[in-house]
Protein chains: 4
Amino acid sequence: MNSPILLIDSPDEKGLIHTITGVIFRHNHNIIRNDEYVDHETGMFFMRTEIEGDCETEGLIAELTHDLPEGAHARFAPKQKRKIVILVTKEHHCLGDLLIRNAFNEFNAEILAVIGNHETLKPLTERFDIPFHFIPNAGLNKQEHEAKIRDVIAPYKPEYIVLAKYMRILSPEFIADYPARIINIHHSFLPAFAGASPYRQAFERGVKIIGATAHFVTEELDEGPILAQSVIPVDHNNSVNDMILAGRDVEKNVLAKALRLVFEERVFLCGKRVVIFD
Amino acid sequence: MNSPILLIDSPDEKGLIHTITGVIFRHNHNIIRNDEYVDHETGMFFMRTEIEGDCETEGLIAELTHDLPEGAHARFAPKQKRKIVILVTKEHHCLGDLLIRNAFNEFNAEILAVIGNHETLKPLTERFDIPFHFIPNAGLNKQEHEAKIRDVIAPYKPEYIVLAKYMRILSPEFIADYPARIINIHHSFLPAFAGASPYRQAFERGVKIIGATAHFVTEELDEGPILAQSVIPVDHNNSVNDMILAGRDVEKNVLAKALRLVFEERVFLCGKRVVIFD
Amino acid sequence: MNSPILLIDSPDEKGLIHTITGVIFRHNHNIIRNDEYVDHETGMFFMRTEIEGDCETEGLIAELTHDLPEGAHARFAPKQKRKIVILVTKEHHCLGDLLIRNAFNEFNAEILAVIGNHETLKPLTERFDIPFHFIPNAGLNKQEHEAKIRDVIAPYKPEYIVLAKYMRILSPEFIADYPARIINIHHSFLPAFAGASPYRQAFERGVKIIGATAHFVTEELDEGPILAQSVIPVDHNNSVNDMILAGRDVEKNVLAKALRLVFEERVFLCGKRVVIFD
Amino acid sequence: MNSPILLIDSPDEKGLIHTITGVIFRHNHNIIRNDEYVDHETGMFFMRTEIEGDCETEGLIAELTHDLPEGAHARFAPKQKRKIVILVTKEHHCLGDLLIRNAFNEFNAEILAVIGNHETLKPLTERFDIPFHFIPNAGLNKQEHEAKIRDVIAPYKPEYIVLAKYMRILSPEFIADYPARIINIHHSFLPAFAGASPYRQAFERGVKIIGATAHFVTEELDEGPILAQSVIPVDHNNSVNDMILAGRDVEKNVLAKALRLVFEERVFLCGKRVVIFD
């Protein structure tokens, strides 16, 4: 993540790549890797360009903004790590995995704090010298509980909120404040088994494969754009509990993959879907 | 498939395996492979036993029937190949795969006939010297159309009906005549994207994995016990049409796997699920 | 495969994409999809561009050839289907799969003939009205046998030779005549279990996963650039014969995938590896 | 893991299951789950039986030992968790994963200590209040270094040694002291890319899939019985370093799976292979 990364989305038009690469060429930059995609449903063009060496970004963006069609956006990925806050309930596996990655600089993000509506994961979090905020929801309505969460989050100014098995549904108001900036892990292969108890549902339906889905959170529950999915086989020997245990590894891996993609600026929103340059 | 295969389902009780293996031992048979399963939800016991060499089956079944609890069933898998009739519409890939397997004795079944509500697959079927019956549904209601299909099927006396991309929904009456003997391939990872146009649905939802599901057909559409599932990854570069093409290979493989399991008597019905000894 | 597809490989240099897209833009063409790759080991640049609508290809190639660095190659993918000849021995599954695909225009190729050193697959081939040439190797040395094969192949002028479970090793002389134009399916996950009896080797080693590999054939046995690989799980219940049977589906799928990639001009040779734009 | 688990290996003979289940039945126990396997290469029989409720194990084993053929072994899995010592070098991902699992009782083992030939992973280990022993190998020959490791290990009396990316080769003498009790994770899909730098080898060979293998350690390097394997796809965009990073998740999952299987007594040695009842 040391190379400057140029990110462009634009209404598609003839000559767009030529225009963009012309600006880069006139600024005397070499392209290490370039990915483009034209979405034929929306008519949008997406491009992610890794540039060699240092790069005077402001002038380049100004020139691009001048040359690109109306409605286009050009920006460079920020050099510093993404700042994130993690919300959890009681399950440790996703949080544990992220804390290890954070401790060893394994992803392009920095965990500023962990917030739990239960206290269960406080000791784990504090083993890694990350602040843990216990904000119980008992006796509070959603609005009151979220107000407290917002107050705790505010000073951290996170760029992303990660729901690492946070088992409560966020309000539309909360979600609206972080558009395409809240990432959730759902413990099923969406759209199969949305909602509660997906492993119980999977067991009863007798499926032969279970999975997990990481997605951006939108107002519609379990309907946000999908970032990553993975699956594992199961059979009749697997009880609901076996599925829950086996699913943990899938969940943590899928969440970690989604975060890597987002934090390395490999993801573009495109309607209700995403374009991923991996 | 040359060894005698003993198949038992029974209400579970203490000492069941001892009882069964005692009968086998007293008849002086050696067990090559033995699989058992106790379903703790239904309290049912299932056992599949491959026996070495020849086996005087009648006496053994009689003795087992005497010794096993009420409600138990013991039978030997038939030695001859399963007789099947295949229903199709226009898509060739599953039928083509089954015709090749049939021609080279690749599965424990014999295709007696193919019935299509379109004529598209007649030439392919006839290349393999299998009778093809064209039974168009145009101008007929479901009852009338199925009556014609039944008339064609009747003389073949098939043990199984295989829906190899047959794109019409069978009536409950038709299905009731073949309990756990109609096998369908659905072109999605059920229960995701049940119903029509699953690849279009998958594209619009932006899933990262698509799949196919083979299942026994029951009255409830796409709700029968699942026999086999498989998946492949997709990304934003894949159009609906790309998914349809890529899905073909998954569909034909999953259907072939399900048929192998059923025809090798590896499948036991257990409520709305199946137990598979593979 | 109706869009013109421009294929370029070139020593990498600054401004290359800008140069190429400039030529396309000046010819007033719209790019539907564009993929590029710079190989940092060899310093080579690869680009595959799908262009909308018709395209006056000759002028465009001339201009590109003028503008690109020395050592660059620019060409359009041929519009007509690739002409192929298939070599087989006794196993039917890959050939059967390709014959079905050929009959239903499922890939961008036309099977001109099948050549077998055994007669086993003659009936299958002829069911599809494709000529089958039986060229036994008994009593012939490799040179003599290959001379006969060459004589049969010559009038077909195939662009690709597909080894669909052809169990003999071709001579370096034969291979040299078809550089990167002979595609083989090997029944293991290369480089594991190169050489003979890979399933026997896999069984004895107790691996938990088996696979298949499609690759370009080079002089070094099982060492050519890998085009596609796939795997399936196995366990202690699987005998060598079970693995052989289960492996068939993997083999035919992997070969079909590799052929699709090559015949859709998605593959660039890059030293001993390939770049694939899929 | 609360049910008593009976583990039997024996030369196969007619009536064996009947004999064993007879002893269980006479002791008035109910079988919850039973798995058997006859290995036709070695003529050995393996059985793993989960028994409901408590179980007077001594009498049962005595009776079984009396009734079973010579060469048979019958034992109950120990009720207490397996005691393990982990050896590491510098890479954190497998150790981190195991420490999290240990902290949350996610597997049937207890980590007594971690030993490193580098000091890198001391802080991580100590975050979880597990003793870390730094035993550098600099200036020591293998014998001297291992003598020091043995001295540290001795008081812990571990049942298993786990090599969690320990990058040194153990001597045959060391290995002989822990037969089928040292478990290693190798960062390739064995037998492909045994030895050093498997990801570099995989990159150069241009494989489309990379993997990891957990195995018992024997005197022959990377040749011990395989316990678990898993793979992930790669393409030309993946550098050696990308593969190393992506491989980490596979490695830690495969090691965790192998340990689960071993610690839940699901693994039987059978020549150079294992039988796994999962």
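Owing to the predicted nature of the structure, the values given are computational and were not obtained by experimental measurement. Below, read A as the first sequence line, B as the second, and so on, with proteins coming before strands; counting in each chain starts at 1.
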Between B/Arg33 and B/Glu50, is there a salt bridge with N-O shorter than 4.0 Å?
no
Please look at D/Ile20 and chain B and tell me whether the side chain, the backbone, both or neither of the residue comes under 4.5 angstrom of a heavy atom of that chain.
neither
Is it the backbone or the side chain of B/Leu16 that comes under 4.5 Å from a heavy atom of chain D, or both, or neither?
neither
Stepwise side chain to side chain donor-acceptor pair (under 3.5 Å) check, B/Asn108 with B/Glu264:
CA-CA 7 Å; B/Asn108 189 33; B/Glu264 292 182 358; over 6 Å; no
Output all residues satisfying salt bridge (Lys or Arg N to Asp or Glu O under 4.0 Å) with B/Asp67, sequence neighbours left out; order by chain, then residue number.
B/Arg26
Under the criterion side chain to side chain donor-acceptor pair (under 3.5 Å), I'd like the reasoning laid out for B/Glu251 against B/Asn253: C-alpha separation, chi angles, the key distance, then a yes or no.
CA-CA 5 Å; B/Glu251 293 167 26; B/Asn253 289 342; over 6 Å; no
Would you call B/Arg82 and B/Glu265 a salt bridge, using N to O less than 4.0 angstrom?
yes
Taking heavy atoms only and a threshold strictly under 4.5 Å, list by residue number the residues of residues 224-240 of chain D that touch chain B; give 'none' if the list is empty.
none
Test item: B/Phe203 and B/Met243 side chains (from C-beta on) under 4.5 Å apart, heavy atoms
yes
Tabulate, in ascending numerical order, the residues of residues 92-103 of chain B having at least one heavy atom closer than 4.5 Å to a heavy atom of chain D, or enter 'none'.
none
So for atom CD, which belongs to B/Glu56, do other residues, nucleotides or ligands contribute more than 12 heavy atoms lying within a distance under 6.0 Å?
yes
Residue B/Lys81 excluded, over 12 heavy atoms near NZ under 6.0 Å
yes
Find out whether B/Met47 and B/Thr49 are in side-chain contact, i.e. whether some heavy atom of one side chain is under 4.5 Å from a heavy atom of the other.
yes
Could I get the full list of side chain to side chain contact (heavy atoms under 4.5 Å, CB included) partners for D/His29, not counting sequence neighbours?
D/Ile24, D/His27, D/Ile51, D/Cys55, D/Leu60
